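Sequence lines set the chain letters: A, B, ... in the order given, protein chains first and strands last, and positions in each chain run from 1. Source: prediction; values computed, not measured.
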There are 4 protein chains.
Amino acid sequence: MNSKLNVGVIGLGRLGTVYAMHLAHRVPNANLIAVADLRESLAETFAKEHGIPKWYKSHEDMLNDKDVHAVAVISPTSTHKNVVTDAAKNKKAIFCEKPISLSLEEAEAMIDSVDKTGSFFQMGFQRRFDKGYIAAKKKIEDGVIGEPVVLKSSSRDPFRPSLEFADPKHSGGLIADMGIHDFDVARMFMGEVKSVYAIGGTLAYPEMKEIGDIDNAIINMNFENGTLGVVDLSRNGVYGYDIRAEILGTKGTLKIGYLRETPLTVLTKEGVTHDVVPYFMERFGEAYYLQIKNFVDNVLQDNEPAITATDAISALRISLAATKSYKEKRPVEIKEYHK
Amino acid sequence: MNSKLNVGVIGLGRLGTVYAMHLAHRVPNANLIAVADLRESLAETFAKEHGIPKWYKSHEDMLNDKDVHAVAVISPTSTHKNVVTDAAKNKKAIFCEKPISLSLEEAEAMIDSVDKTGSFFQMGFQRRFDKGYIAAKKKIEDGVIGEPVVLKSSSRDPFRPSLEFADPKHSGGLIADMGIHDFDVARMFMGEVKSVYAIGGTLAYPEMKEIGDIDNAIINMNFENGTLGVVDLSRNGVYGYDIRAEILGTKGTLKIGYLRETPLTVLTKEGVTHDVVPYFMERFGEAYYLQIKNFVDNVLQDNEPAITATDAISALRISLAATKSYKEKRPVEIKEYHK
Amino acid sequence: MNSKLNVGVIGLGRLGTVYAMHLAHRVPNANLIAVADLRESLAETFAKEHGIPKWYKSHEDMLNDKDVHAVAVISPTSTHKNVVTDAAKNKKAIFCEKPISLSLEEAEAMIDSVDKTGSFFQMGFQRRFDKGYIAAKKKIEDGVIGEPVVLKSSSRDPFRPSLEFADPKHSGGLIADMGIHDFDVARMFMGEVKSVYAIGGTLAYPEMKEIGDIDNAIINMNFENGTLGVVDLSRNGVYGYDIRAEILGTKGTLKIGYLRETPLTVLTKEGVTHDVVPYFMERFGEAYYLQIKNFVDNVLQDNEPAITATDAISALRISLAATKSYKEKRPVEIKEYHK
Amino acid sequence: MNSKLNVGVIGLGRLGTVYAMHLAHRVPNANLIAVADLRESLAETFAKEHGIPKWYKSHEDMLNDKDVHAVAVISPTSTHKNVVTDAAKNKKAIFCEKPISLSLEEAEAMIDSVDKTGSFFQMGFQRRFDKGYIAAKKKIEDGVIGEPVVLKSSSRDPFRPSLEFADPKHSGGLIADMGIHDFDVARMFMGEVKSVYAIGGTLAYPEMKEIGDIDNAIINMNFENGTLGVVDLSRNGVYGYDIRAEILGTKGTLKIGYLRETPLTVLTKEGVTHDVVPYFMERFGEAYYLQIKNFVDNVLQDNEPAITATDAISALRISLAATKSYKEKRPVEIKEYHK
């Protein structure tokens, strides 16, 4: 435990940069020794600015680097299969940002390759590292709300993504892109999902019809244990980034989330006003840090991964089933997606 | 407008007593001149205590009383058809507490009889008279949230009703009994429902299986105009009476409801604590008053009824469709319930 | 207990009307049998509208009426001494709205006359009947916050009164006019005040300088038992009627009050917004009802008055001491105002 | 601006460690090149753990180090005079944690030495870097609340300090030790204080009488511009770390602060509950970072200090005047403390 883990970050997009900064400056037991990005000059600039000794254009070159013991895969989802498979072959410990893949076949192939080489593989779902969700889990374990019977989870983005980014070919569509976090939360609190039924519509941004996507959806869920759940998703939370969850039990209920970003309340003739959490980095910045720190600790301490490949695939199956339910206007059993 | 309306109340149960008290003491333009209840001594005692000149055992006798110009029908749902039909024949103005009936055929028969005689008929759905719901409606009309796209409505009772009361034969089952308020709210804010899909379970009170009912349900809704909705219902809001609604629009969202009953917050080492609204009379007491006052005013001023027979039947259809959806595990179109 | 109390209301101003309505329509054991107001036609109109059998121009005539057993004195403060003294001579039970008087000599004379005739005398301080203050008192008695050590009480009006009304000759000035409620609250929670120190200024409405009054003040208090308190008063709570109190103890703290009137929260790009309690009748309407009902019950049941003449005089002494402290820029001992 | 500032930290107590960590790992333009602490082995261990090249026992040795361009003085208050004077002589840029000193003479001597050598000197008052206070300042500048007329500031610690730490000889006593933050906030929002009046008592921890200190105080303030203020301080905020401020203006009011640490609300039969901010590092951790970053930026960019020696001395004068007011039971003019 007193040695440090040499980590490389693959992909320096918005989130890759955040993880790289945490690994470079904040995670106590990590050495960020390399970054890779197809935009090589970006990788070089970032490395020099943060005192990171190596940079690469291709992920293969980084994976061939014997000094790199672990990699954080934050590259586009479409590259995950190749990168993770290559990383597994090179026996790196792997952290993979969500979603594991848009395709169940690809995801299963990735897991097979990881299983074959015995590589450590931990999935990224940062809500599991948010103190609200953690405290809720603890309260349930302590019996505070009795038996959980209903899960409600809601995600709203403050604006729609670019049409390029939102394109279902790359994003998987609204239900997969946004909902995968809520589906993971659902499993975290309630167990496995048995079936889903989804409704949706393109209601706020007509231009999203051009790319074949919706901007609002509601998905209800029957869990294997008989309990119930509902997820609602929206691209038009124009007032702010609004992430909430609630777990109703037989003896009480737990509400997770908050709205106000700045501890200031303004009272005038127009009423009482405060601001709202602007976006995901304000809401989950600390959770991203804790998540990558947890990965580093788990590798160094030979712990089990906090979030497994199975978690990744289970959430993916729910996404796919819910998307199909919306399209086919019928309830869909998750077992349709089991081998 | 300067004469008063002579009103009779039929049914002196929990809610009938409340309406009778309002009519006797608070509604400015009402004279409560008679009460009727099959438990005649109860009617007599109540009448004497509140200075009401007449009391009856049978509703027929009250309806034959020429001095009674209007009646509030607060008797058990199963009696609504007979009472309302008789009241219509006697040309009384009629206020009818929800639900109009558990049966669509009965409800339609009642409406036919009212239409035939031209009697004034106003339905009771007290949430429409709550200042939260009214203010939300106004904000939407003022364009504050742009176009409404998603409706969420949630109702939780602090305890389960007696098995006798909850028996679906009398109550219509959880979805009808509790949900009818939410379905009315849904129509109030979003328009007509096109289809519903319901899931549910007996998750908190196993003894409710004996009477064939569930204690939790989630119902999602497609509206005719393409927008979306979800209602969740629970008998195990054991922490208090928790009624919430939210209307998400393209420019913002509106959240209706409150939790704290007493304006006191307690801060100790155990955390920050406050109480919760105990039950419906604390939450909607004022709305019940405003609703019956509105009925009186509308009759005296020849206004249209604030809530019509059509509203009653539309909410009933949604209840029936949602109940069928739960039972048949499939989405149900509301048009299955149109003639 | 099964007979009713025949009550007369003296003074049909803003608050007198409210009490009269409650006595006429809501208080179960009261018969409002007479009203008196110098504006006789107003008294007549009000009486006829509410079915009150008698009306008077002069309070003396009402007090001579043998059918009147109890009176609520809601006339201008400057008349209290004459009215209460006359009521005591006529052996009426007396409810007197705050403040008892602006002059300690007058107040003591009133109490002497009441003591001499043994009349029942109950003072009005409606905050003592608000469920927030009541619940706080109960929590303290239950030991929830240990020993109370600091009292904070804050009162803000949403606008300044008319200059005529605010004139210190009639109102006693800001500190007496608004602060008397807070001083009573202070005594209710902490015991007797030993000394006060007040600062103030005419900061929002320069025109109040013309009448020689201030619009903001802060008064701190040493209690006899060594504990501490602070009251802040403002005429420029322009956002709403804002009444708060806090009692800090050795094991926790209690916060009394609320801001939001309508259970609706609006979330748009401009932030999260809700309304505010507009004015005192929205905040304390129910407390006024409970207060006058309590008076009626106490008279009928031979109970002790809930709020005594001593309470009235003690709060008056604090008002006078605080006003003097502000003027003389020095701490003032309450005992300067004891005989 | 593209070179970095070489900083040394003097004093590795609770707060010194925090600043050192920020300078070592987070502040972009800082190189933490040395730490000093009389407990030399502690300095050595800390330096090695965080890759800091040099450590010293005596501050003099660090100040003789030519590579050190700036120092953060986080040593005990009693050492500030010597350390700051020495640092000024050595032409270091100086950041000095509050309070500058417990003695006005010492503080003035420090400032003289700084003025003489022209050293950059910035004071630490972290609330000025909290986003709540910053946003409030901005709202006032934007005219949102009109003219500020009343300032309220409240500080509560969740437990009493050790008697050794609390000893007025070292801490200055409750009013100076806790209140100095509130007095700085008062000046930030309202301008200079003209006079103060303080009351206090040892009400929660009788053992504090042994060291001659109180545990609760209320201080009211007249500002030079005629506006009003009040500060209340308590060692027995046993429910959590509770820091609030409010600025009432002619057009509205601003409330700064928050209570809930974890975004989780628990609703059971016992009521609605959430946790509280535990202590200052949770509340102001980010502000400490921003404050030391601001110091580094100001030195590098030749900016004026964000908080000056004059600010330090002004807050100290208010502390001294308020402490004297409490002891002498009379209002004290701040000008008593001017040369």
Side-chain angles (χ1 to χ4, degrees), chain A residues 132 152-162 178 182 203-207 215-218 231-246 253 255-284, chain C residues 132 152-162 178 182 203-207 215-218 231-246 253 255-284:
Chain A
K152 297 169 72 171
S153 186
S154 178
S155 295
R156 291 184 190 155
D157 272 347
F159 39 76
R160 71 158 174 79
S162 70
M178 290 189 68
D182 302 273
L203 302 170
Y205 307 106
E207 64 273 25
D215 49 24
N216 282 272
I218 299 171
V231 167
D232 67 280
L233 308 170
S234 180
R235 297 285 195 195
N236 51 289
V238 296
Y239 54 94
Y241 183 68
D242 189 357
I243 305 295
R244 307 176 219 162
E246 180 168 1
T253 195
K255 295 168 75 172
I256 306 167
Y258 67 99
L259 274 174
R260 192 174 68 163
E261 177 67 15
T262 306
L264 177 70
T265 307
V266 180
L267 301 89
T268 66
K269 276 187 183 166
E270 282 69 45
V272 177
T273 311
H274 63 78
D275 71 354
V276 185
V277 175
Y279 204 22
F280 75 101
M281 201 46 72
E282 288 84 0
R283 177 66 185 84
F284 288 116
Chain C
K152 297 168 71 172
S153 186
S154 179
S155 295
R156 292 185 189 153
D157 271 348
F159 39 76
R160 70 159 175 77
S162 70
M178 289 189 68
D182 302 274
L203 302 170
Y205 307 106
E207 65 273 25
D215 49 26
N216 281 272
I218 299 172
V231 166
D232 68 279
L233 308 170
S234 180
R235 297 284 195 196
N236 52 288
V238 296
Y239 53 94
Y241 183 67
D242 188 358
I243 305 297
R244 308 175 219 163
E246 179 168 1
T253 195
K255 295 167 74 172
I256 305 168
Y258 67 98
L259 274 173
R260 193 173 68 163
E261 176 67 15
T262 307
L264 177 70
T265 307
V266 181
L267 302 89
T268 66
K269 276 187 183 167
E270 283 68 46
V272 176
T273 311
H274 62 78
D275 71 354
V276 185
V277 175
Y279 205 22
F280 75 103
M281 203 43 74
E282 289 85 359
R283 177 65 185 85
F284 289 116

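- Considering all non-hydrogen atoms of both residues, E270(C) and T273(A) come closest at O-CG2, 3.8 Å.
- Per-residue counts of heavy-atom pairs under 4.5 Å with chain C were compared for V238(A), V266(A), T265(A); the largest is that of V238(A).
- For V272(A), the parts lying near chain C are the backbone and the side chain together; criterion is any non-hydrogen pair under 4.5 Å.
- Heavy atoms closer than 4.5 Å to chain C are found in the side chain of L259(A), but not in its backbone.
- Interface remark: V276(C) contributes side-chain atoms only to the contact with chain A (heavy atom separation under 4.5 Å).
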